[in-house]
Amino acid sequence: MRTVVAGNWKMNETAGQASELVAAFAPRVGEVLAGANGGIDVVVAPPFTALAAVAPALARTGRVALGAQNMHWDLSGAFTGEISAPMLLDLGVTYVILGHSERRQYFGETDEAVNRKVKTALAQGLHPIVAVGETLGEREDGRTRDRVVTQTRAALDGLNEDEIARLILAYEPIWAIGTGKNCDAAEADGVMAGIRACHGALRDVPILYGGSVKPDNFAAYLAQPNVDGGLIGGASLDANAFVELVRLAAAAASG
Ligand code: 13P
């Protein structure tokens with residue numbers, strides 16, 4: 001199983017700031033990856049407006065892939081304010097985060113919309129990173145597994161096994177995002193085992209944990225059998241922290 005470290009920068013960094021951030025971590029991440037013997041993929045997902053600015057520096061590392069944080073399901077047309085898969089591909093994007101809880105919560109993205117986007121991304125040759133997760137209320141009601149399995153099955157609806165094999169999933173408990181209250185690693189692993197078990201084709205699909213991942217807690221997640229990496233928000237905006245997260249993942253992948 002590949003280990004994946006993905007940084008989701010959310011709505012942070014102008015193009016100029018993004019270039020500075022990449023300059024601060026990309027050569028160091030490149031060195032860590034050159035010395036790693038395990039299969040590890042590193043992705044960073046800046047805002048759309050910074051994709052073009054950072055693409056050349058990331059490409060120079062030869063090892064850090066460019067991701068986007070969202071895209072539309074149609075390829076072009078009258079969708080004011082939206083960004084299509086061909087636009088992303090044109091900038092060198094190879095991964096796209098779909099169904100992040102902030103998209104679902106603040107922008108009304110439904111399971112059906114996420115499924116349409118996943119299908120388009122796959123058809124266009126992008127790797128979707130599909131995020132699922134429960135609210136605090138759902139967790140307290142004992143509905144975590146039901147919620148994430150429902151979201152996962154909906155995202156996979158209509159996909160064949162080969163298509164599912166090209167996905168990455170991310171389990172992000174909403175109550176753990178940006179709060180500093182990261183989910184207990186064993187508890188996250190149990191939820192992620194439930195996600196993996198909900199479809200036979202997920203056997204070899206990396207499942208990432210996201211929610212207040214930091215250098216001091218990442219190793220505990222990586223040690224879990226169903227955790228194949230991290231989807232990281234705040235800590236991916238700090239060059240030193242991001243390099244350390246990649247180092248931890250490389251150690252886990254080769255150990
Ligand atoms: P934080 O790492 O800031 O909690 O964000 C997690 C996240 O939402 C990544 O997509």
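Counting starts at 1 for both ligands and their atoms, in listed order.
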With sequence neighbours left out, which residue pairs that include part of residues 70-86 fulfil the side-chain hydrogen bond (donor to acceptor under 3.5 Å, both in side chains) condition? N70-K117
Establish, from distance only, whether the side-chain atoms of Q69 and W9 form a donor-acceptor pair under 3.5 Å. no
For a quick check under 3.5 Å, do D189 and Y221 share a side-chain donor-acceptor pair by atom type? no
Can you pull every nitrogen or oxygen pair between ligand 1 and the protein closer than 3.5 angstrom?
from	atom 1	to	atom 2	distance (Å)
ligand 1	2 (O)	G233	N	2.9
ligand 1	3 (O)	G234	N	2.8
ligand 1	4 (O)	G178	N	2.6
ligand 1	4 (O)	S212	N	2.7
ligand 1	5 (O)	K10	NZ	3.3
ligand 1	8 (O)	K10	NZ	2.8
ligand 1	8 (O)	H100	NE2	2.8
ligand 1	8 (O)	E172	OE1	3.2
ligand 1	10 (O)	N8	ND2	3.0
ligand 1	10 (O)	H100	NE2	2.9
ligand 1	10 (O)	E172	OE1	3.3
ligand 1	10 (O)	E172	OE2	2.9

Taking ring pair (Phe, Tyr, Trp, His ring centres under 6.0 Å) as the cut-off, I'd like each qualifying pair that reaches into residues 132-158, sequence neighbours left out, listed once. none
Partners of R28 by salt bridge (Lys or Arg N to Asp or Glu O under 4.0 Å), sequence neighbours excluded? none
What distance separates F48 CZ from L88 CG, expressed to the nearest 0.5 Å? 6.0 Å
